J.: 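Before we start, here is the structure in question, set down as structure tokens.
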Amino acid sequence: MSSPRKIRANRANAKASTGPKTAHGKFQAAQNARRHGLSLPILADPVRSEEVKNSAREIAGEGACPEILELASRIAEAQIDLLRVRLARHDLIAKKLNNPNYWPHEFFVIAKKNTKLIARLIRRFDPLAPIPREILDAPENTPEGPKKIAFILSDLTKQLIAMDRYERRALSRRKFAIRALDAARADLPRPQLRK
Amino acid sequence: MARNSNLAQPATSIAPSRLSLFGPPPVLEGEDSAAYDKLLESVSGAVKPTDIVEEIWCRDVVDLTWEIFRWRRLTTALFTAAAPDALTGVLAALMRRKTTETDGMAGLPNLDFTMGLRPPSPEEKLVKKWATRNPAAIDRVNKLMASANLKMDIVMAKALVAEFDHIERIDRLATIAEGRRNAVLREIDRHRATFARAMRDTVRDVEDAEFRIVNPNVVKSNKGTEETPNEQPTQN
């Protein structure tokens, strides 16, 4: 068991040596846990919250009663949340697609395997031994066209599945919100409906 | 195909004030944003959304249709891209080309050792010409395939096997998009039914208000005359 003196020293050393020092480092560290920010409620963001209000007014129409406005704001909230997810997914794919030096994960795996193979060959034979065809045929250029998109989708499968879950939830919320609005409008007295 | 930036420009048919509710069009790099606009216009023109909720759905249908088109195009393109490699494999067997194999290396995979850059094999040269639609190469490939009683289906099957993982993933994305589009269409049906019912009720109310009961005695006494009968509005 460590002595209290040793524990104190370890703690003091840890405090002195860990954590980012520069403002840039601190900013980067603050973003460590952030992945896509899609779990944050829309209304927590003041800008989006304002968008929800404006959109709700547009959905409810002129001179809508508070009940309708409330239901419309549920639709607007779900719709803006849905757009947030779709935009995040679009950005994720577009960012990789626009990267001219994009190198798929599968290529890294092949390169790693080939490096191990070369090391084994050098150990067993001569360093100037012929290169196996398998290594010569390994992909060396960044993929283009449909292959690139296919590799991007493969690499992003995990993130895309997570985003799909958020999209599904937002779609479900929007569907029920619209149904509630339709039901409320159908229950309104006729003159209000005609207005 | 027009080359687009990371975030596509808003479609011409979307007013800037409504961008927060509809978002930018989901056009990726290499896709034609004009074709997207055309699709949006044609669907909006055909459906004629009656309110903002229907506009949202209309946009959803267009976006999902665009996505489905994208995945279908991608699947076809992957098949096309994989076809030459698959054909090379088939032709290698047909041209009875024996690959150089080394042996006596326990623990190492079966490797083909070639010094320096490997020159293209005869079947690779042939497939390269075939891919550029060279008539002589096409004829030679067809003859080779016919000699073994094979069809191009075998090449496509090999291409499918080579790209199976990618195609399966893309197919799943297309299935999700199709399911969502169908769900939106069902919701439009339901919404329009509600809207139609509300409209029917309103029209009935209006008609009821306009409807008048004609006093039968007045009609009898005035029979044969040109006078208009005395009418009373209904008491609802």
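Treat the numbers as computed from the prediction; the structure is a model and nothing was measured. The chains referred to below are lettered A, B, ... by the order of the sequence lines, with proteins before strands, and numbering in each begins at 1. Values below: all heavy atoms of this structure, side chains included; hydrogens, waters and symmetry mates excluded.
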J.: For B/R192, what residues pass the side chain to side chain donor-acceptor pair (under 3.5 Å) criterion, not counting sequence neighbours?
T.: B/E54
J.: What part of B/I167 is in contact with chain A, defined as an atom under 4.5 angstrom from a non-hydrogen atom: side chain, backbone, both or neither?
T.: neither
J.: Please give me the minimum heavy-atom distance between A/L83 and B/G23, naming the atom from each residue.
T.: CD1-N, 3.6 Å
J.: Under a 4.0 Å N-O cut-off, is there an ion pair linking A/K147 with B/E163?
T.: yes
J.: Quick one: what part of B/E67 sits under 4.5 Å from any heavy atom of chain A, side chain, backbone, both or neither?
T.: side chain
J.: Check whether any side-chain heavy atom of B/L74 sits under 4.5 Å from a side-chain heavy atom of A/L153, and report yes or no.
T.: yes
J.: What part of A/R179 gets within 4.5 angstrom of chain B, counting heavy atoms only: side chain, backbone, both, or neither?
T.: both
J.: Taking 4.5 Å as the heavy-atom cut-off, does anything in residues 156-165 of chain A contact chain B, and if so which residues?
T.: A/T157, A/D164
J.: For B/R172, is it the side chain, the backbone, both, or neither that has a heavy atom closer than 4.5 Å to a heavy atom of chain A?
T.: neither
J.: In the structure I gave you, are the side-chain heavy atoms of A/D182 and B/R190 within less than 4.5 Å of one another anywhere?
T.: yes
J.: Who passes salt bridge (charged side-chain N to carboxylate O under 4.0 Å, His left out) against A/R86, sequence neighbours left out?
T.: A/E167, B/D60
J.: Could you give all pairs that pass the ring-ring contact (aromatic ring centres under 6.0 Å, His included) test and reach residues 141-186 of chain A, with sequence neighbours left out?
T.: A/H36-A/Y166, A/F107-A/F151, A/F151-B/H166
